[in-house]
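Have a look at the structure below before the remarks.
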Protein chains: 2
Amino acid sequence: MAEQHTKSERLRQHLVDVIDQGLEPHSKLPTERDLASEFDVSRLTVRRALDRLEHEGLVYRVQGAGTFVAAPRITKSVELTSFSEDMRARGLVPGSSVLVTETISAGARLGAKLRVSPSDDVFHIRRARTADGEPMALEDTYLNPRLFPGLIDNIGSESLYQILETEYGMKIEWAEQSIHASVLEPEEAQLLSAPPFSPAFYVTRTSFDAQDRPVEYAESTYRGDRYHYELQIHRTR
Amino acid sequence: MAEQHTKSERLRQHLVDVIDQGLEPHSKLPTERDLASEFDVSRLTVRRALDRLEHEGLVYRVQGAGTFVAAPRITKSVELTSFSEDMRARGLVPGSSVLVTETISAGARLGAKLRVSPSDDVFHIRRARTADGEPMALEDTYLNPRLFPGLIDNIGSESLYQILETEYGMKIEWAEQSIHASVLEPEEAQLLSAPPFSPAFYVTRTSFDAQDRPVEYAESTYRGDRYHYELQIHRTR
DNA sequence: AAGTGGTCTAGACCACCCG
DNA sequence: GGGTGGTCTAGACCACTTT
């Protein structure tokens with residue numbers, strides 16, 4: 001676990017542990033004032049920890065009554081995760097096999113996505129992604145070589161995002177994702193061990209760092225019979 | 001506009017107005033301390049207003065440097081909207097034609113979704129939804145007749161959500177939505193004027209009110225060639 | 001070195017829920 | 001009426017960016 005360096009984050013983590021270790025839904029948590037004195041912090045610090053837990057859906061608050069453990073909900077709202085995290089969240093073991101690694105000329109489309117000149121080089125990685133050993137998706141990832149020198153020689157089965165973060169200090173902050181309905185072309189179907197022309201998701205994603213620079217552009221085709229989206233959506237207030 | 005009753009909300013609204021009235025992206029806003037003294041509030045109150053604006057993507061903050069107007073982003077994160085709102089947000093004119101209205105026995109599946117007995121009645125409404133006059137989706141909506149007496153006789157071309165809210169005081173707060181890849185069955189294809197077996201989204205949605213009671217269950221089939229999802233996703237921290 | 005946002009404190013008053 | 005969460009204050013120190 002990463003070190004928690006703020007008091008409110010340490011308190012939040014403590015409360016997560018307490019909740020996970022067997023508190024029933026709708027159990028009442030200690031009052032904000034009690035938590036403040038017990039952990040020797042101000043009430044505002046307690047409220048910051050609870051704000052985050054409420055936002056994450058682990059607790060709910062009722063004015064005048066207290067703070068309570070939320071009923072676990074099956075679906076979560078959409079979050080930015082890697083394929084590996086996504087699969088683990090679904091209770092599946094993620095895997096990956098690299099089909100292609102190459103350096104190609106960006107061209108107009110990829111150049112625009114990654115904000116490089118069309119004549120510049122980009123890395124291209126094609127991988128088959130698996131869940132519990134079964135083919136789940138084909139993924140073509142494109143990266144700017146200037147940001148990740150030498151990367152293409154170090155691709156293994158580890159998480160690409162992990163490598164970007166640990167080796168290059170690159171943290172992806174947000175992404176634009178587009179989801180289309182599609183069917184598997186025969187070639188894709190064969191690579192995914194699925195019937196040709198069966199339903200599929202075609203997903204494109206451009207990922208950005210904290211300075212809003214495009215870091216990665218990826219096109220993925222997911223088997224529609226094995227993958228779907230579950231989301232919880234709220235009225236914005 | 002609804003009345004803003006907290007200081008931080010009034011300040012937030014004021015800043016929204018200022019930003020909308022012509023501030024360029026990356027313009028620097030006044031410092032938190034300046035805003036605090038100008039509006040005669042504490043710095044924490046300023047920070048709460050800015051927190052919300054940052055969350056909404058209108059501003060970004062750089063520690064040690066300042067707070068800046070964010071570049072407008074094309075895509076928005078997923079929000080809970082009706083078909084009509086959704087289409088209007090895409091710049092299309094929504095329409096609807098009612099194909100079926102009937103009262104049927106719930107059965108096990110619908111009973112579970114709407115939390116009524118399998119032998120209870122439910123309303124069923126089948127509609128073809130159009131955008132700019134072109135067929136976009138088929139939608140089967142199921143409702144609990146006890147919550148909406150007489151509704152089935154009043155279905156017109158107006159927004160169903162509008163009727164639920166104005167006639168029955170029902171406000172939908174959140175929903176669980178599931179999105180599957182699919183293809184159009186010949187019957188659906190004909191109703192949607194699309195080729196049979198062409199790509200489609202199959203979407204189910206259960207909508208809940210503020211008390212977490214299921215209000216509506218809907219199954220929709222969207223033409224994949226005319227509809228897709230665009231979302232902006234963020235790392236949760 | 002000065003200025004900015006990030007975190008935290010100790011205390012206050014209000015709106016709301018419950019016995 | 002007593003306790004709870006919701007909002008707010010005035011001030012402090014820290015981490016970081018900019019000059």
Side-chain angles (χ1 to χ4, degrees), chain A residues 2-15 18-19 23 26-70 169 171 173 209-213 237, chain B residues 2-15 18-19 23 26-70 210-212 234-237:
Chain A
E3 188 163 336
Q4 314 301 336
H5 53 299
T6 66
K7 291 187 180 183
S8 60
E9 187 53 29
R10 282 197 296 269
L11 176 54
R12 178 193 153 279
Q13 192 57 54
H14 174 83
L15 291 171
V18 168
I19 291 169
L23 272 191
H26 310 296
S27 308
K28 190 172 181 307
L29 293 179
T31 71
E32 297 180 350
R33 289 166 180 82
D34 285 352
L35 286 170
S37 71
E38 180 183 352
F39 290 91
D40 199 30
V41 297
S42 75
R43 192 175 149 218
L44 183 66
T45 303
V46 172
R47 283 186 61 74
R48 268 219 284 276
L50 291 176
D51 284 346
R52 268 173 285 210
L53 292 175
E54 184 178 32
H55 190 77
E56 294 165 17
L58 270 75
V59 307
Y60 62 95
R61 302 199 268 201
V62 180
Q63 183 171 154
T67 302
F68 306 87
V69 177
K171 272 194 198 167
E173 277 296 312
D209 66 9
Q211 284 74 46
D212 293 351
R213 295 178 301 197
R237 40 175 172 178
Chain B
E3 189 163 336
Q4 313 301 336
H5 52 298
T6 65
K7 291 187 180 182
S8 59
E9 188 53 28
R10 280 197 297 269
L11 176 54
R12 177 193 154 280
Q13 191 58 53
H14 174 84
L15 291 170
V18 168
I19 290 169
L23 272 191
H26 310 297
S27 309
K28 191 171 180 308
L29 293 179
T31 71
E32 298 180 351
R33 287 165 180 83
D34 285 352
L35 286 170
S37 71
E38 179 182 352
F39 290 91
D40 199 30
V41 297
S42 74
R43 194 178 147 215
L44 184 65
T45 303
V46 173
R47 284 186 61 73
R48 269 218 285 276
L50 291 175
D51 284 346
R52 268 174 286 211
L53 292 175
E54 183 178 34
H55 190 77
E56 295 165 16
L58 269 75
V59 307
Y60 63 94
R61 302 199 268 201
V62 181
Q63 183 170 152
T67 302
F68 306 87
V69 177
Q211 285 75 47
D212 292 352
H234 295 265
R235 280 264 170 219
T236 54
R237 41 173 174 178

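All values reported here derive from a predicted model rather than from experimental measurement. Every chain is numbered from 1 and lettered A, B, ... according to where its sequence line falls, protein lines coming before strand lines.
Backbone-only contact: B:Asp40 has heavy atoms under 4.0 Å from sugar-phosphate atoms and none from a base.
Using cut-offs of 30° and 60° for the angle between ring planes, the B:His55 and A:His55 rings count as perpendicular. Ring planes of B:His26 and B:Tyr60: perpendicular class, angle over 60° (limits at 30 and 60°).
The distance from atom CD of A:Glu32 to atom C1' of D:dT7 is 11 Å, rounded to the nearest whole Å. C:dT4 atom P lies 13 Å from atom CG of B:Leu29, rounded to whole Å. Atoms CZ (A:Phe68) and C1' (D:dG5) sit 10 Å apart, rounded to a whole Å. Atom CZ in B:Arg47 sits roughly 14 Å away from atom P in C:dT4 (whole-Å rounding). Rounded to an integer number of Å, the gap from A:Leu50 CG to D:dG5 P is 8 Å. What separates CZ of B:Phe39 from P of D:dT9 is a distance of 13 Å, to the nearest Å. When rounded to the nearest whole Å, the span between CG of B:Asp51 and P of C:dC8 equals 13 Å. Going from atom CG of B:Leu44 over to atom P of C:dA12 covers 17 Å, rounded to whole Å.
In this structure, A:Ser8 and A:Arg43 both approach DNA chain C, and ranking their closest nucleotides by distance from the 5' end singles out A:Ser8. Residue whose closest nucleotide on DNA chain C sits further toward the 5' end, between A:Arg33 and A:Val62: A:Arg33.
Within 6.0 Å of NE2 on A:His14 lie more than 12 heavy atoms contributed by other residues, nucleotides or ligands.
In this structure, A:Leu58 and A:Ile19 approach most closely via the heavy-atom pair O-CD1, 4.4 Å.
The side chain of B:Thr6 places no N or O atom within less than 4.0 Å of a non-bridging phosphate oxygen (OP1 or OP2) of D:dG6. Contact annotation: B:Ser42 does not reach the phosphate of D:dG11 (side-chain N/O to OP1 or OP2, under 4.0 Å).
A donor-acceptor pair shorter than 3.5 Å cannot be found between the side chains of A:Arg48 and A:Thr6.
For A:Arg48 against C:dG6, a side-chain-to-base donor-acceptor contact under 3.5 Å is absent.
The side chain of A:Ala65 lies closest to C:dC17 when the candidates are C:dC17, D:dA10, C:dG6. With D:dG5, C:dC8, D:dT9 as the choices, the nucleotide that has an atom nearest any side-chain atom of A:Thr31 turns out to be D:dG5. Closest approach to the A:Arg61 side chain among D:dG5, D:dT9, C:dG6 is made by D:dG5 (side chain taken as heavy atoms from C-beta onward). Checked against D:dC8, C:dT9, C:dG6, the side chain of B:Lys7 finds its nearest nucleotide in D:dC8.
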